[in-house]
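Just so you know, ligand 1 is whichever comes first in the structure, and atom 1 is the first atom listed for that ligand. Owing to the predicted nature of the structure, the values given are computational and were not obtained by experimental measurement.
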Amino acid sequence: MAQIEVLSEVSKFLEGSPKMTIGGKPTEAGSGKTFTVIDPSTAQVITEVPRAEMGDVDAAVASARAAFDDKRWSGLRPGKRTEVLYKLGELIKRNINELSQLESLDSGKPIKIASGEMWMAGEVFRYFSGWPTKMFGETNPTTDDQFVYTLREPVGVCGGIIPWNFPLIMAAWKIAPALAFGNTIVLKPAEQTPLTAMRLAELALEAGVPEGVINVVTGFGEEAGQALAQHHDVDKIAFTGSTEVGRKILHASEGNLKRVTLELGGKSPNIVFPDADMKRAAKGSMFGIFLNSGQICTAGSRILVERSIHDEFIESLVAATASMRLGPGMDDETGMGPVVSEQQMKRVTGYIDIGRSEGAEVVSGGNRAEELGDGYFVEPTIFAGVRNDMRIAQEEIFGPVAAVIPVDDVDHAIEVANNTIYGLAATVWTNDLSKAHRVARGVKAGTVWINSTGQYDPSTSFGGYKQSGFGRELGVHSMEAYTELKSVWVSL
Ligand code: NAP
Ligand code: MG
């Protein structure tokens, strides 16, 4: 064990009972209510944050509306907005130790991984800082007596609702493009992990983002989240989370027909062919499901293995998994931390029971790791002998549980890969170029990784097919999600 010491600025932040940021001011809930924040590694309360209700969301939306309407942000010179967003990226990086500790304590993530994530969140701001100067319109080829051009304009007030698996990265994915294209935003982080988003709102003010442009409200989905999704003065909602709540967001949005992008669940296939580099495939498949304790929307939770190498591959996968060290987030030797909450732990162990009762065989893990104390630790678990119609192969578990399913050949692999309501990502391990591209074309998924998994870059768009959602985030295509297009006709 190499337990990390908590930084004094982190203790100070937690002891000060963090506030929401509305209109640039530290803000408590109007009701004075709070809720507790728990460290999943210890099950101990680490702080309390405001519990926002409808009135608080109204105040945050009003502040974002005022900031949008008076153009205090969109009216700045594009080069100035670039400077501010770039600076915010830099401030994230400068405060990386503090932010990683907050993230690790809040979510249970291993500190080293949290640190990499904070860096990536900074990169998202750096990437989007380049966009304010690139919001080009077009001139259109119409008749000689007309001059037609298009204007790209911000959508207006955006609402961001995000999950607990990558708290600061998810906040960056919503805030950076919203601001890059001239919008203002109200962000509601997940109730389990509000802290880094709250700190980000402070850093944004320090970077020079005008007051009211970024507002962060903390609270529960059914209260604050619902109030934001149905708010008539919110022009767009960007949601990441479960498919079930995605449906609710869509319903809540119908009142004013706000724009909606949904980034939802997955049950992503990870396909291994006999001609793959086996060592690399086993290690990659292991990380693909167990990184972040399996709490990744793109987790390769269905491992499809060609029958001829099935037993041999399972052996390699189990061996690779044995190297994954389970432990508390704030230990710098930990490879895999706890799951995020008691509720999530019960859900995951419940699915392990379901897998057993469906007749699948546990070849690794299979239990809560009680020896690690009160934290929400679940052993990395591998099921063999899984059929694709079992619940553990069809339902998103969102925990460290892999289902290994044998397949016959490329066509069968594609068929099984697509036999799910989801379509977020797919991974394929093969050294056969044509097999790799046949799978890439054949799978219905927003992202395909060949001979690696879990790669992201702010330049590369991300999103789902089928019930994994719609719309694309990151990259050039995020412009569609955060702007309106206006056609202007001039008669000559
Ligand atoms: P979730 O319920 O979908 O939560 C995502 C966000 O939506 C949270 O901020 C949540 O607030 C909010 N929310 C919940 N109900 C809402 C409503 N009626 N209106 C507006 N906002 C609402 O996800 P979760 O509870 O964190 O996890 C449940 C399951 O979702 C997981 O087990 C996993 O299967 C899936 N999940 C998927 C992803 C993904 O990226 N694909 C990410 C996280 C979870 P609260 O925090 O208060 O609930
Ligand atoms: Mg929830």
Tell me if the centroids of the rings in Trp173 and Phe462 come within less than 6.0 Å of each other. yes
If you measure every N or O of Ile162 against every N or O of ligand 1, does any of those distances drop under 3.5 Å? yes
So, is Glu191 polar-close to ligand 1, with some N/O to N/O distance under 3.5 Å? yes
Side chain, backbone, both or neither: Ser242 near ligand 1, heavy atoms under 4.0 Å: both
Just going by heavy-atom distances, which of Gly464, Ala252, Gly221 is nearest to atom 22 (C) of ligand 1? Gly221
Those residues at least two apart in sequence (or on a different chain) that pass salt bridge (charged side-chain N to carboxylate O under 4.0 Å, His left out) with Asp69 are Arg65
Tell me, please: is Gly265 in heavy-atom contact with ligand 1, that is, under 4.0 Å? yes
Determine whether a donor-acceptor pair (N or O, by modelled atom type, separation under 3.5 Å) exists between the side chain of Glu103 and the backbone of Leu168. yes
For ligand 1, which atoms have a heavy atom of Pro163 less than 4.0 angstrom away? 42 (C), 43 (C)
Electrostatic pair Lys12:Glu9 at N-O distance under 4.0 angstrom: no
Is it the side chain (CB and beyond), the backbone, both or neither of Gln192 that lies under 4.0 Å from ligand 1, heavy atoms counted? side chain
Could you say whether the N/O atoms of Gly225 and ligand 1 ever approach to under 3.5 Å? no
Taking Glu484 first and then Arg259, would you say they form a salt bridge - that is, a charged N and a carboxylate O separated by under 4.0 Å? yes
Any atoms of ligand 1 less than 4.0 Å from a non-hydrogen atom of Thr240? List them with their elements. 5 (C), 40 (O)
Check: Phe377 and Met336 side chains under 4.5 Å, non-hydrogen atoms: no
Over 60° means perpendicular and under 30° means parallel, so tell me whether Phe181 and Tyr482 are parallel, tilted or perpendicular. parallel
Among Trp164, Phe398, Phe239, which residue places a heavy atom closest to atom 27 (O) of ligand 1? Trp164
Aromatic rings Phe35 and Phe220: how do their planes relate, parallel, tilted or perpendicular, breaks at 30° and 60°? tilted
Which ligand 1 atoms, with their elements, are less than 4.0 angstrom from a heavy-atom of Phe220? 47 (O)
For ligand 1, indicate whether the residue Lys248 contacts it via side chain, backbone, both or neither (heavy-atom separation under 4.0 Å). side chain
Using a plain distance cutoff, I'd like to know if Glu396 has any nitrogen or oxygen under 3.5 Å from a nitrogen or oxygen of ligand 1. yes
Which of the ligand 1 atoms, numbered from 1, are nearer than 4.0 Å to a heavy atom of Ala190: 9 (O), 46 (O)
Suppose I only count heavy atoms of Cys297 and a 4.0 Å limit; which atoms of ligand 1 are within that range? 39 (C), 40 (O), 41 (N)
With backbone taken as N, CA, C and O and side chain as the heavy atoms from C-beta onward, which portion of Ile249 lies under 4.0 Å from ligand 1: side chain, backbone, both, or neither? side chain
When you measure from the side chain of Ser268 to the backbone N and O of Ala425, does any donor-acceptor pair fall under 3.5 Å? yes
Is any NZ, NE, NH1 or NH2 atom of the basic residue among Glu123 and Lys93 found under 4.0 Å from an Asp or Glu carboxylate oxygen of the other? yes
Where on Arg347 is there a heavy atom closer than 4.0 Å to ligand 1, on the side chain, on the backbone, on both, or on neither? side chain
For ligand 1, is there an atom lying under 4.0 Å from some heavy atom of Met170? no
Which residue pairs pass the salt bridge (Lys or Arg N to Asp or Glu O under 4.0 Å) test when at least one of the two sits in residues 357-382, sequence neighbours left out? none
Sub-3.5 Å donor-acceptor pair from the side chain of Asp39 to the main-chain atoms of Ile46, do we have one? no
Out of Lys188, Glu223, Arg247, whose heavy atom sits nearest atom 11 (O) of ligand 1? Lys188
Under 4.0 Å from ligand 1, counting heavy atoms only, is it the side chain of Leu228, its backbone, both or neither? neither
